[in-house]
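Residue numbers count from 1 along this sequence. Read the numbers this way: they start at 1 and go in the same order the structure lists the ligands and their atoms. Quick caveat, the model's predicted, so the values are computed rather than measured.
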Amino acid sequence: MITTIFDKAAPGKNATGFMTDKQVEGVPAGIPASLIRDAADSLEIPDIPEVEIVRHYTELSRKNYGVDNGIYPLGSCTMKYNPKINETLTNLPGFRDIHPLQGLQDNRGIQGILQLLHETSLMLAEITGMDAFTLQPAAGAHGEFTGNLIIKKYIMMKGLDKKKNKIIVPDTSHGTNPASAASCNFEVIEIKSNEQGLVDLDQLAQALAPGDVAGIMLTNPNTLGLFEEEILKVTKMVHDAGGLCYYDGANLNGLCGVCRPGDMGFDIIHVNLHKTFSTPHGGGGPGAGPVGVKAFLKELLPGPRTALKDGKYSFTLPEQAGLGSIKAFHGNIGVVIRAYCYMKALGLSGLRRGTECAVLGANYVKVMLKDTICVPYQRRCYHEFVGSDDGFPNHVNTEDIAKRMLDLGVHAPTIYFPILVHGAIMIEPTETEALARLDGLVNIIKQIHKEAEETPAIVKSAPNDMPVKRLDQVLAARNPVLTVKALKKMQEK
Ligand SMILES: *Cc1c(COP(=O)(O)O)cnc(C)c1O
C-alpha cells in the first residue's frame, strides 16, 4: 500500500501542528473577489503540520536507493560514485549565474567558462584520439543522432546519398544505435556476432559488398563487455567500402587512458560525460554526449564551439557547410564543468587507473561467481560482463534474481539486455567500489543461488521486503499512475 501525504492529513491542525480553536471562516478582508477560487477549481491541499510533511518526504527518500547508499552494478549505465566537490564547483556563482546569451557581443566577462569549454574539448580529443569536438549534444543518443547526421551530410557532399543509405549495426551494439541511424533515415543492417561475441568479419564483408553502406556504428568494448580484437580490420574494411566508422564511446571507462578510438580507425565518436566523466545520472537528469571527429569532418560539427586566438577565447559559429546547431546555446554546460573538474583532478594517469580498477573489478566479480552464474562468452571482460540465468536451480530466472537482490540490500544489475544473451544479467561494478563491496555483491548472488536450491519460493516471490511487489511493467509504462487522484481510483478498484 502506498501512502501519500493525503493519508497523513490531520484536519483541523495547522502548519505548526498546534490545535486551532476553529477554522478560519470566510474570506479574509482585503482580498479582491476575482482572486478567490471557487470550490470547483480549488486545489486539494491536505491540512498537515510542517513536521509531518518533513517526516513524510524524509521517509520517502529513505525508501530510495542510490549509489550514495551502496553498490549499484547496473551494467552499461556506469552508476559510479561521483565526487561531491564537482557539485560544489559547478555551483560557483561565476559558473551558475552566467546567462546563455552573455558574451555573444562581448565575451570579456566570460573568459573563464570559455577557457573551460575549450580545454574540455581539447582533453576529450586527446583522450579519444580525435581532432575536434562539439559539446552541444545533450545525451549519448543525442550524440549518436548528431554523428549520423554528420555521416549523412558527408555522404551528401560527395553526391553519394542516393547510393549509400545503409548503416551497419552489429547485434552487440547498444539499443540506441539502430534507433539513431533509423531516425536519420538510414536503413539499418544488423550483423550477427560470431561465437566469441565479436563482429563476424565474413558477415561484415557480405554486408559491405553491395556498396550501399554509409557507415558502421560500433560499441567497443561491445555490450557483452568484450573488446573487438579485430577492430583495425573492421574499420579498414568499412573505409575500403567507402563508409565511415562511428564509435559509441558511452562506456569509455572500459578503455579510457589505455587506448583510443581515434587510433582504431574511427572517424566519429560520442562520449557520455554522465557515465565515464562523473556526472550523477539516472531518472532522466541532464547529461552530455559530446561528439568528436577527425579533421576531415571538422567543418560539419554543430556549434557554437570555442576558439583561442592571441590569448583570448571566443565562440565560433557553426560553419556554412555544417549541421548548424543541434541544441540551444552551448549544451548542458553544468555537466561539462563536472567533467572538466573530474579530468583535471585525475589527470591522464588517474583516468587510466580508473579504467584499470573498473576492468579489474568486473573480472574479479566474474571469476568469483564462476560456479554461480553462467557466462556464455568466456573471455576476459572489460568494465562489465554478461551472465545468464541458465543453470540456476529450480527454474529461478533473471527477474527472480534481480528482485531478490533488492530484498538483500543492493540495486539489481541490468537484466534482459543485451538480448542476444538468454536471460542476461549484466554486471558493472564500476571503479569506485572497494573490495569489501565487491565481495558483498558476490555473497548476495551466491546466497540467492543457495536459496534457489533450498527455498526457491522465497526467490520467486521476491521482492518480499520492498514497499511495492513486482510491478506489471507493461501496465506501468502504458498507464502510469502519476497523481494522488489516479492512485485513489486505482486503489478503489
Ligand atoms: C547509455 C548508453 C547510450 C545512450 O546514452 P544516453 O545518454 O542514455 O542517451 C548509448 N550507448 C551505450 C553503449 C550506452 O551505454
Inset, instruction - Please answer whether the main-chain N or O of S173 pairs with a side-chain N or O of N222 as donor and acceptor at a distance below 3.5 Å. - result: no

Legend entry - F186 six-ring face occupied by K166 cation (under 6.0 Å, within 45°): no

Taking only distance into account, with no hydrogens and no angle test, what donor-acceptor pairs under 3.5 Å do side-chain atoms of residues 196-210 form with protein atoms, sequence neighbours excluded?
unit_1, atom_1, unit_2, atom_2, d
D200, OD1, D202, N, 3.0
D200, OD1, Q203, N, 3.2
Q203, OE1, K192, N, 3.3

Inset, instruction - Can you label the angle between the Y72 ring and the Y65 ring as parallel, tilted or perpendicular, going by 30° and 60°? - result: tilted

Legend entry - F417/H174 aromatic ring centres below 6.0 Å: yes

Inset, instruction - Would you check ligand 1 and list the protein residues that come within less than 4.0 Å of it by any heavy atom, ordered by chain and number? - result: S76, A139, G140, A141, E144, H174, T176, T219, D248, A250, N251, N272, H274, K275

Inset, instruction - Measure the CG-OG1 distance between L323 and T146 for me, rounded to the nearest 0.5 Å. - result: 7.0 Å

